[in-house]
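Worksheet: one structure, shown below.
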Amino acid sequence: MLEGLAARLQGVFSRLKGKGILSERDVDEALREVRMALLEADVNFKIVKDFVARVKERAVGHDVLQSLTPAQQVIKIVHEELVQLMGSTQSRLAVASRPPTVIMLVGLQGSGKTTTTAKLAYHLRKQGRKPLLVAADVYRPAAIEQLRVLGRQLDIPVSAPEAGQTGRSEEALMAGRLSGQVADAVAVVRHGIEAANRFACDTVLIDTAGRLHVDQELMDELVRIVREVTPHEVLLVVDAMTGQDAVTVAQQFKEAVGIDGIILTKMDGDARGGAALSVREVTGRPIKFIGVGEKPDALEPFHPDRIASRILGMGDVLSLIEKAQTAFDQEKAQQIEKKIKQQQFTLEDFLFQLRQMRKMGPLEDILGMLPGFGQMKQLKGMSVNEKDLVRAEAIINSMTPAERSDPGLLDSSRRQRIARGSGTTVQDVNRLVRDFQQVQQVLKTLNIAKKRGKKGGKARKGFFPF
Amino acid sequence: MIGGFFSRLKDALTKTRDGIVHKVQSVIRRHEAIDEDLYEEIEAILLQADVGIEATTHLLGRLRERVREVRVTDPEEVPGILKEEMGEILSAGSENPPGLPAGPHGLELGGLQPAVIMVVGVNGTGKTTTVGKLAARFKGRGLKVVLAAADTFRAAASEQLSVWGKQTGVDVVRHGEGADPSAVAYDAIKAAQARSADVVLIDTAGRLHTKTNLMEELRKIHRVVAREIPGAPHEVLLVLDATTGQNAMQQAAQFSKAVGVTGIALTKLDGTAKGGIVIAIKHTLGIPVKLIGIGEGIDDLQAFEPQEFLDAIFNNQSNNGS
Ligand SMILES: Nc1nc2c(ncn2[C@@H]2O[C@H](COP(=O)(O)OP(=O)(O)OP(=O)(O)O)[C@@H](O)[C@H]2O)c(=O)[nH]1
Ligand SMILES: Nc1nc2c(ncn2[C@@H]2O[C@H](COP(=O)(O)OP(=O)(O)OP(=O)(O)O)[C@@H](O)[C@H]2O)c(=O)[nH]1
Ligand SMILES: [Mg+2]
Ligand SMILES: [Mg+2]
C-alpha cells in the first residue's frame, strides 16, 4: 500500500523543525512529495503540474502557524486547494418544470452506467419521485435484460425494445458491433418517454450503451438522442479507478454531448480516485454522487473534503468514523474511547478491537484511512486473520487481570507460563505484546494530534477507533 | 473477417503508437542533445501512459545508465533504448516451458482433462466478454468448450454469458441467481468430463480486491477446481481494463495473492488509454500480459506479444497515419 502523503512530508520536514516561514526550498521539497502523491492517485499529469505551481505560489513565504509543523502547514494548504477545486457538495438533480424530467447516463464500457441508473431511480423514488428506466443499450449482450432484472428487483418500470429486436444484438456480436441491424437507440428512447407519459412517471432515466469517446459513430448516436429528447441532465459515469486517460474521456464526452454532472463509481475499493480531480478540472461540472457498491442503495452524495483527503492519502477520517460507527458496539466503543484518552487502554480492550476490526474488513484498509498511518511502518505487516485472532484471544485469556492491564509486568517467566497456558509459543506471546504496544503508541500519537487539532480551533470528536 | 480483424488491430495499435511515438519524436525533434529537459519530457510521456512513478523512475534510471555507458549523444537513439528497456521488462521470464502443449494465444492447457481457465477481475473490466471471445477462439481450434456462468450475483450476468455461448455454439452451465459459484464451477467441470470437453472457461463475478468475503468466495472456486482436476486451474487470467490507473497494481497483487494469477488480459486497448500499468505490474509482480482486448466483437482478442506490441508502439515508419 502506498504511504500517506502526511507521513512522507513528515520525513521531508523532520530536518526543518522550528522554522518560522516556509522558504522556497522547503516548499519545493514538500511539493515534490505532493506531486508524487497526486500522480500515484492518478490525477492527470498536466493537472498535477498546474496544481503544484498554484500551491507553491500560495505556500512560499507563508507563516508557519504556531500549532502546526511545516509539514502540516503544507498539507493544509494543499488540502484546502484541493477541496476548493472539487467544488461543493451538489447532489441535486435537475427537475423539469414540465415532467417528465429526463436524465441520461453516458460513459465508457463497464464504468457502471446500468447499475447507477438503477441506483438513481431507487434514490429518486425515496424522494417521492416516480421513475421509469429506459434500456437504450441495444448492443451489449443481455444489457437490456440486466436493466429489466434491476427494474424488477426494485419494482420500477423499464421501457425496452421488444424481445425480437434485442435478439438481433447477437448478430452484431459476430460482425463487429455496428454492422448488425439492431434496434435504434433513438427510437427506444422516444418510446421510453411516451411510456413515461402513459404511466404518469415523472422521471425518465436512460441507460445508454458503453462507448469509447473515439468511436465517432456511437458518439453521434448520443448526439441524436440528445437532439431527440433534450435531457435535463446528462451524467457522465466514471470509474474511480480510471488513470491518466480520464481527462481525454471527459473532454470528448463534454465536447460531443455536453455533460451536466459526474458520477464516480466503485469508490468502495481502495482506488485513490485522482480521476475525480481530472474530470472535475476538465469539465467544470460537479461530481454529484459516488457509487460505493453493487447494490441499489450503494450511492452517496459526493463530499469534496473526503475525496481530497483520499487523493492525498491522508486518511479519510470522516469515512473512518462513519464506518466505525456502523460496525461498532457504540457503548463499548465509548468506554474504550474514554480509556484511550486516559491512556488506560488494556490488552482486553485490544482483543475487543481486534474482533471489531474483523467486522470492518482488512486492517490495512482501516489503518489506511487513518492519518499518521504512514509513519507507523511497524503496523504495516500487522494483518489480522482468524487464526491470529484465536491465538490472541487464548493468550490474553491466559493472563492474569493484572497482566492484562499492565503488560509491563510480563517478564520472561510470565511469558513462558502464558505460552504454556494458551498452547502457543513465547514468540507468539512476544509478538502479541509488541503489536499491542505499537497500537498504544499510535493511540498516544493520535491523542497528541487531536489536542493539536483542538488548539487550531477544529475540535474533532469521536476519533474512535484508535 | 480476418482482414477486418487485422485492420481493427492496426487501428487500435495505431492509437497507442501515435500516442507514445509521436510524443517521443516531437520531444526529440526539439532537443539537440540528451539533457535534463529531454529526460523530464520522457518522464512525462511515461507517466501519462499510466506506467506509474516507480517503473518510470526505473526506466529512466536504466536509460541514463545506458546513455552514460555507451556514450550515446544522439537524442534519436533514445527511443530505441527506451523500447529495449520496456521490452526487457515485458518479456523477462516469459519463455514458454519447453514441451508443454499450449492453446491458442499460448495459453496453458495442461493435459486437457479438461483444461480449466478461470477468469477473474474487478467489476466491469471485460471478463465475460473475454470468456466469450476465448470460447470462439478455442472452438475455432477444434476444441470442445464448456462455459461456467459462475457470476451468480450481477443482474443478467448468466444471460450475458449465454448469449456468447449461443453465438459461439458452446454449452453454458448455469444455475439460478444467487447460487453458489463454486457449485457452478463444479458442475461445469463434471459436465465437461461427461461430454469429454477439452476446455472449461469459468466466468466469475466482478469483485473489488478489497472485499475480503468476495475474495474468499473466489478462493473457494479455485479450491473446488483444484480438487476436481489435479493441476487445475491451468490458467487464472486477471482481466484488467487498460483505462485503469495505478490501482491496477493493487488489483494484480491481491488477486494474485488469492488465486495465483498466471496472466493478464488487457482489455479496451482500442481506446486512447495506454495500459502502461502492465509494465509496472510485470516489473514488480512478474505477472505477464497474455491477451489484449481491442474491441467488443468476437474477434477482438489478440495474443499479447511483447515485442510486436513494442514494435508497434515504437515503429517509426508506420507513423504516416495510413
Ligand atoms: N464495487 C462496485 N461495483 C460497481 C459499482 N457500480 C457498478 N459496479 C459494478 O460494475 C460492473 C459494471 O457495471 P454496469 O452497470 O454493468 O456498467 P455499464 O457501464 O452499464 O457497462 P456497459 O453497459 O457494459 O458499458 C458491474 O459488476 C457492477 O455491479 C460501484 O459503485 N461499486
Ligand atoms: N472497447 C472495448 N470494450 C470492451 C472490451 N472488452 C469488453 N468490453 C466491453 O466492456 C463492458 C464490460 O464487459 P463485460 O465483459 O461485461 O465485463 P465484466 O468484467 O464481465 O463485468 P462484470 O461481470 O460486471 O464485472 C462491455 O460493454 C463490453 O462490451 C474491449 O476490449 N474493448
Ligand atoms: Mg450497461
Ligand atoms: Mg461479467
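A, B, ... follow the sequence lines: proteins, then strands. Residue 1 opens every chain.
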With a 4.5 Å heavy-atom cut-off, do T272(B) and Q252(A) have their side chains touching? no

Under 4.5 Å from a heavy atom of chain B, the part of T242(A) involved: both

What part of E54(B) is in contact with chain A, defined as an atom under 4.5 angstrom from a non-hydrogen atom: side chain, backbone, both or neither? neither

Quick one: what part of Q153(A) sits under 4.5 Å from any heavy atom of chain B, side chain, backbone, both or neither? side chain

N44(A) CG to Q48(B) CD distance, which is reported to the nearest 0.5 Å: 6.0 Å

Counting only heavy atoms closer than 4.5 Å, note whether L47(B) contacts chain A via side chain, backbone, both or neither. both

Can you tell me which portion of K113(A) sits under 4.5 Å from chain B's heavy atoms? Options are side chain, backbone, both or neither. neither

Who passes side chain to side chain contact (heavy atoms under 4.5 Å, CB included) against E40(B), sequence neighbours left out? E43(B)

Interatomic distance, CZ@F45(A) vs CG@L46(B), rounded to 0.5 Å, equals 10.0 Å

Would you name the heavy atoms of G271(B) and V214(A) that are closest together and state the gap between them? CA-CG2, 4.4 Å

Student check: side-chain heavy atoms of D241(B) and M241(A) closer than 4.5 Å: no

Which residues pass the salt bridge (Lys or Arg N to Asp or Glu O under 4.0 Å) test with D28(A), not counting sequence neighbours? K56(A)

Heavy-atom side-chain contact between R140(A) and Q160(B) under 4.5 Å: yes

Residues Q109(A) and E296(B): side-chain donor-acceptor under 3.5 angstrom: yes

Only pairs of heavy atoms separated by less than 4.5 Å count here; which of K266(A), Q244(A), R152(A) has the most with chain B? Q244(A)

Between T243(B) and D239(A), is the side chain to side chain contact (heavy atoms under 4.5 Å, CB included) condition met? List the steps. CA-CA 9 Å; T243(B) 321; D239(A) 185 327; over 6 Å; no

With a 3.5 Å cut-off and no angle check, do the side chains of D270(A) and T210(B) form a donor-acceptor pair? no

Heavy-atom distance under 4.5 Å to chain B: side chain of L147(A), backbone, both or neither? neither

Is it true that N247(B) and D42(A) share a donor-acceptor pair across their side chains at a distance under 3.5 Å? no

Quick check: do Q146(A) and E159(B) have side-chain heavy atoms less than 4.5 Å from each other? no

Count the heavy atoms belonging to other residues, nucleotides or ligands that lie under 6.0 Å from CG of D155(A), then report whether that count exceeds 12. no

Interatomic distance, D268(A) atom CG to K211(B) atom NZ [nearest 0.5 angstrom]: 3.5 Å

